[in-house]
Protein chains: 2
Amino acid sequence: MDRIDRRLLNLMQRDASRTNVDLADEVGLSPSSCLRRTQRLRKSGVIDRIVAILNPAKAGRVIKALVAVELKLHGEQHMRRFLDIAIAEEAVSHAYAVTGETDVVLMLRLRDMEEFDSLCERLFRDQTNVARFFTMMIIRTAKEETAIRL
Amino acid sequence: MDRIDRRLLNLMQRDASRTNVDLADEVGLSPSSCLRRTQRLRKSGVIDRIVAILNPAKAGRVIKALVAVELKLHGEQHMRRFLDIAIAEEAVSHAYAVTGETDVVLMLRLRDMEEFDSLCERLFRDQTNVARFFTMMIIRTAKEETAIRL
DNA sequence: GGGTATTTGCAATAAAATTGCACGGAACTG
DNA sequence: CAGTTCCGTGCAATTTTATTGCAAATACCC
């Protein structure tokens with residue numbers, strides 16, 4: 001993992017649709033050598049995957065929200081059970097167990113408020129071990145970065 | 001935007017490194033026709049970009065945290081000023097203005113606690129208009145999904 | 001310095017992307 | 001309903017890219 005690898009990773013985190021020839025030219029390597037590096041980075045797992053990122057608005061998920069959840073029972077198995085229920089929901093894009101005043105934070109991508117309503121019924125009823133939850137509707141997205149600067 | 005477009009988007013959100021020939025085969029189209037669809041989806045902005053997703057642990061960002069921030073002054077210009085400072089930080093991967101008891105939520109990707117310490121000094125000192133902030137260290141990542149199911 | 005392992009560039013080959021073109025179905029019009 | 005247009009499709013030819021073998025160059029270790 002040298003300087004050229006890091007440059008390649010930075011470039012591919014920004015735009016992975018560029019051709020190998022193009023990347024090789026930018027970092028000053030031959031296409032074959034550049035290709036071997038990117039293949040090595042993928043096999044070693046540094047590059048986890050290559051994906052298309054959609055425009056959420058054009059894909060029909062216009063409402064985003066964060067929900068901080070406080071559980072009633074705090075054992076490991078109770079935590080896991082709630083997380084399993086939460087991550088099965090399509091509207092739940094991120095789910096974290098966290099320290100602090102609450103136990104779990106979820107990020108939601110919603111089509112409309114009706115979807116939020118029905119989701120709350122499924123996730124935050126008595127059987128799901130939720131004591132309280134705090135909803136933060138996202139007013140503005142100032143940054144959403146998948147890249148890790150190297 | 002028909003059924004085939006949605007299938008292509010689902011496939012590409014999961015793995016955008018597949019060849020056009022491969023995708024065409026899976027959705028039952030000729031390569032040329034399939035290519036024209038994916039090109040149209042990119043030009044129209046439904047596909048925002050194609051990126052490499054790194055394994056954060058193997059890229060040296062092992063600690064994640066969420067920080068809920070309460071501002072002292074709540075005007076639009078004060079909000080914007082704080083967000084501008086926050087998003088300039090490499091460790092800040094997500095930044096949202098939210099409703100609820102706090103005003104801003106940040107997601108952090110950190111190399112170590114020292115980076116957290118120095119970041120707090122820069123973001124949460126007097127000049128940045130922060131009244132209080134609540135740190136939630138992420139203990140477990142149960143789900144982190146970039147895809148939007150169509 | 002000698003020896004080993006790794007990385008590089010070149011060239012040949014295989015595979016994929018891209019484009020022109022004609023066909024066929026859907027929608028629209030008179 | 002016939003005529004017309006528009007759009008998407010598949011085929012085939014062309015261009016571009018990815019892939020691989022190989023020899024030279026480089027870095028590394030003792």
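Every value quoted in this text rests on a predicted model; they were computed, and no experiment measured them. Below, each value reflects all heavy atoms present in this structure, side chains not excepted, and no hydrogens, waters or symmetry copies.
- Summarising the geometry, the separation between CZ on A:Arg18 and P on C:dA16 is reported as 23 Å, rounded to the nearest angstrom.
- Residue A:Ile63 comes nearest to A:Met113 through the heavy atom pair CD1-N, 3.9 Å, listed as atom of the first residue, atom of the second, then distance.
- In this structure, B:Pro56 and B:Arg109 have side chains that are in contact, with non-hydrogen atoms separated by less than 4.5 Å.
- Nucleotide D:dA18 holds its C1' atom 7 Å from the CG atom of A:Asn20, rounded to whole Å.
- Following rounding to the nearest Å, B:Leu23 (CG) and C:dA16 (P) show an atom-to-atom distance of 12 Å.
- Axis angle, first five pairs versus last five pairs of the helix from C:dG1-D:dC30 to C:dG30-D:dC1: 50°, rounded to 10°.
- Taking the six-membered ring where tryptophan is involved, the planes of A:His94 and B:His94 are perpendicular, since the angle between them exceeds 60° and thus also 30°.
- Looking at A:Lys143 and B:Ser93, their side chains never bring a donor and an acceptor atom within 3.5 Å of each other.
- Remark: the B:Ser17 side chain and the A:Arg42 side chain contain an N/O donor-acceptor pair separated by less than 3.5 Å.
- Taking atom CG on A:Asp22 and atom P on D:dT17, their separation rounds to 8 Å, with Å as the unit.
- Whole-Å rounding puts the B:Arg42 CZ to C:dT18 C1' distance at 15 Å.
- Taking only side-chain nitrogens and oxygens, B:Gln39 comes nearer than 4.0 Å to OP1 or OP2 of C:dT18.
- With rounding to whole Å, A:Leu35 atom CG is found 17 Å from C:dA14 atom P.
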Listing time: all N or O pairs from protein to nucleotides 9-13 of chain D that are below 3.5 Å?
residue	atom	partner	partner atom	Å
D:dT9	OP1	B:Arg37	NE	3.3
D:dT9	OP1	B:Arg37	NH2	2.5
D:dT9	OP2	B:Ser33	OG	2.9
D:dT9	OP2	B:Arg37	NE	3.3
D:dT9	O5'	B:Ser33	OG	2.9
D:dG10	OP2	B:Ser30	N	2.8
D:dG10	OP2	B:Ser30	OG	2.7
D:dG10	N7	B:Ser32	OG	3.2
D:dG10	O6	B:Arg36	NH1	3.2
D:dC11	N4	B:Ser32	OG	3.0

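- Between B:Leu54 and B:Ala59 the shortest heavy-atom distance is CD1-CB, 4.1 Å.
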Please tabulate, for the side chains in residues 66-73 of chain B, all donor-acceptor contacts under 3.5 angstrom to protein atoms that are two or more places apart in sequence or on a different chain.
residue	atom	partner	partner atom	Å
B:Glu70	OE1	B:Arg132	NE	3.3
B:Glu70	OE1	B:Arg132	NH2	2.8

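- Taken from CD1 in A:Ile47 to CD in A:Gln39, the straight-line distance is 10.5 Å, to the nearest 0.5 Å.
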